[in-house]
J.: 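What follows is a single structure, and I will ask about it in a moment.
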Amino acid sequence: QLQFVESGGGLVQPGGSLRLSCAASAFTFDYLAIGWFRQAPGKEHEGISCISRNSGFTYYADSVKGRFTISRDNAKNTVYLQMNSLKPEDTAVYYCAASSCSEYGVSVPRSHWGQGTQVTVSS
């Protein structure tokens with residue numbers, strides 16, 4: 001069964017950086033587009049980025065464009081999210097999942113979220 005494990009979150013000051021990792025356990029990983037999502041306190045899940053199965057294209061939500069960079073290493077079954085210039089409003093639990101992905105957006109899954117990794121941006 002396909003499983004994703006998020007890691008790399010933590011407490012960081014505004015303007016700081018973190019790199020999140022999404023490790024997948026699946027033989028079919030190379031065939032999957034992967035998205036990053038986040039859920040802030042009291043908010044619904046937000047799709048913030050995705051990358052196609054062969055890294056041919058990426059998508060970024062306006063809220064993170066220019067600050068976050070998504071990448072993948074298929075040999076390691078891992079997708080990364082480099083987060084720079086972090087803001088307090090980036091505070092959320094971050095999740096990864098296989099998802100539909102295009103240059104125009106990423107589809108937010110309806111269920112089957114993993115544990116995620118907590119990112120807290122605070123002075």
Side-chain angles (χ1 to χ4, degrees):
Q1 184 177 359
L2 180 63
Q3 294 182 324
F4 296 96
V5 179
E6 301 91 345
S7 63
L11 175 64
V12 65
Q13 293 183 325
S17 298
L18 286 172
R19 190 182 74 161
L20 306 184
S21 296
C22 170
S25 179
F27 176 78
T28 58
F29 179 81
D30 291 358
Y31 296 92
L32 302 175
I34 305 295
W36 280 100
F37 312 85
R38 67 186 182 186
Q39 185 176 38
K43 303 291 183 64
E44 296 182 351
H45 289 87
E46 174 191 12
I48 58 172
S49 185
C50 65
I51 186 167
S52 62
R53 64 185 186 181
N54 60 358
S55 300
F57 61 84
T58 57
Y59 161 79
Y60 300 96
D62 289 342
S63 58
V64 306
K65 191 176 300 181
R67 300 188 296 119
F68 291 9
T69 303
I70 191 170
S71 62
R72 67 190 297 165
D73 185 342
N74 289 346
K76 297 181 179 180
N77 287 357
T78 303
V79 173
Y80 304 96
L81 186 68
Q82 179 66 44
M83 306 186 297
N84 299 325
S85 302
L86 284 163
K87 306 174 181 179
E89 51 263 43
D90 294 319
T91 296
V93 179
Y94 284 71
Y95 305 88
C96 62
S99 179
S100 297
C101 176
S102 75
E103 298 93 334
Y104 306 105
V106 58
S107 179
V108 180
R110 298 191 303 272
S111 61
H112 304 296
W113 299 105
Q115 293 300 307
T117 185
Q118 176 72 50
V119 172
T120 302
V121 184
S122 179
S123 298

J.: Give me the atom names and distance for the closest heavy-atom approach of Gly47 to Ala61.
T.: O-CB, 3.7 Å
J.: List the residues meeting side chain to side chain donor-acceptor pair (under 3.5 Å) with Lys65, not counting sequence neighbours, and say none if there are none.
T.: Asp62
J.: Is there side-chain contact between Ser55 and Ser71, with at least one heavy-atom pair below 4.5 Å?
T.: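 No. Closest side-chain heavy atoms not under 4.5 Å.
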J.: Give me the other members of the hydrophobic cluster that Leu11 sits in, counting Ile, Leu, Val, Met, Phe, Trp and Tyr linked by side-chain heavy atoms under 4.5 Å, directly or via other members.
T.: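 The other cluster members (ILVMFWY side chains, heavy atoms under 4.5 Å, direct or chained): none.
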J.: Is it true that, when you exclude Gln82 itself, more than 12 heavy atoms of the residues, nucleotides or ligands shown sit nearer than 6.0 Å to its CD?
T.: yes
J.: Check each of Cys50, Ser49, Ser100 against Val106 using the side-chain contact (heavy atoms from CB on, under 4.5 Å) test, and report the only one that passes.
T.: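 Going through the options one by one, the only one that passes is Cys50.
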J.: I'd like to know if Leu18 and Val93 are part of one continuous hydrophobic network [Ile/Leu/Val/Met/Phe/Trp/Tyr, side-chain heavy atoms within less than 4.5 Å].
T.: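 No, it is not one cluster - the side chains of Val93 and Leu18 are not joined through contacts under 4.5 Å.
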J.: So which heavy atom on Ser17 is nearest to which on Asn84, and how close?
T.: OG-OD1, 2.9 Å
J.: Linking I/L/V/M/F/W/Y whenever their side-chain heavy atoms sit closer than 4.5 Å, directly or via other members, would Ile48 and Ile51 fall into one cluster?
T.: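 Yes, because Ile48 and Ile51 connect within a single hydrophobic cluster, where side-chain heavy atoms sit under 4.5 Å apart.
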J.: Do Phe4 and Val79 come within less than 4.5 Å of each other through their side chains, counting heavy atoms only?
T.: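 No, their side chains stay 4.5 Å or more apart.
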J.: For Glu89 and Ser63, does a side-chain donor sit closer than 3.5 Å to a side-chain acceptor?
T.: no
J.: Of all the heavy-atom pairs spanning Pro109 and Ala97, show the shortest one and how long it is.
T.: CG-CB, 4.1 Å
J.: To the nearest 0.5 angstrom, please state how far the CG atom of Leu20 sits from the CZ atom of Arg38.
T.: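 That separation rounds to 11.0 Å.
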J.: Flag the pair Met83 / Asp90 as yes when at least one side-chain heavy-atom distance between them is below 4.5 Å, and no otherwise.
T.: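 Not touching, per the 4.5 Å side-chain cut-off.
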J.: Taking the side chain as every heavy atom from C-beta outward, state whether Gln39 and Tyr95 have any pair of such atoms under 4.5 Å apart.
T.: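 Yes, at least one pair of side-chain atoms sits under 4.5 Å.
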J.: Test your reading of the model: is there a side-chain donor-acceptor pair from Ser107 to the backbone of Ser99, 3.5 Å cut-off?
T.: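 Flag not set: sc Ser107 to bb Ser99 has no pair under 3.5 Å.
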J.: With a cutoff of under 4.5 Å between side-chain heavy atoms, which Ile, Leu, Val, Met, Phe, Trp and Tyr residues group with Tyr80?
T.: none
J.: What are the two closest non-hydrogen atoms of Ala33 and Cys101, and how far apart are they?
T.: CB-CB, 3.8 Å
J.: I need the full list of ring-ring contact (aromatic ring centres under 6.0 Å, His included) pairs touching residues 53-72, with sequence neighbours left out, sorted by first then second residue.
T.: none
J.: How many angstroms lie between atom CZ of Arg72 and atom CG of Asn77, to the nearest 0.5 angstrom?
T.: 9.0 Å
J.: Are the side chains of Leu32 and Arg53 in touch, meaning some heavy atoms are under 4.5 Å apart?
T.: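 Leu32 vs Arg53: side chains apart.
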J.: Measure from the side-chain N and O atoms of Thr78 to the backbone N and O of Ala23, and report whether any donor-acceptor pair falls under 3.5 Å.
T.: no
J.: Could you pull out all residues at least two apart from Phe37 that satisfy ring pair (Phe, Tyr, Trp, His ring centres under 6.0 Å)?
T.: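 Result, ring pair (Phe, Tyr, Trp, His ring centres under 6.0 Å) vs Phe37: Trp113.
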J.: Search all heavy atoms of Ala98 against all heavy atoms of Ile34 and return the closest pair with its distance.
T.: CA-CD1, 4.0 Å
J.: Residues sharing Val5's hydrophobic cluster, by side-chain heavy-atom contacts under 4.5 Å among ILVMFWY, directly or via others?
T.: none
J.: Once you round to the nearest 0.5 Å, how far does SG of Cys96 lie from CD1 of Ile70?
T.: 9.0 Å
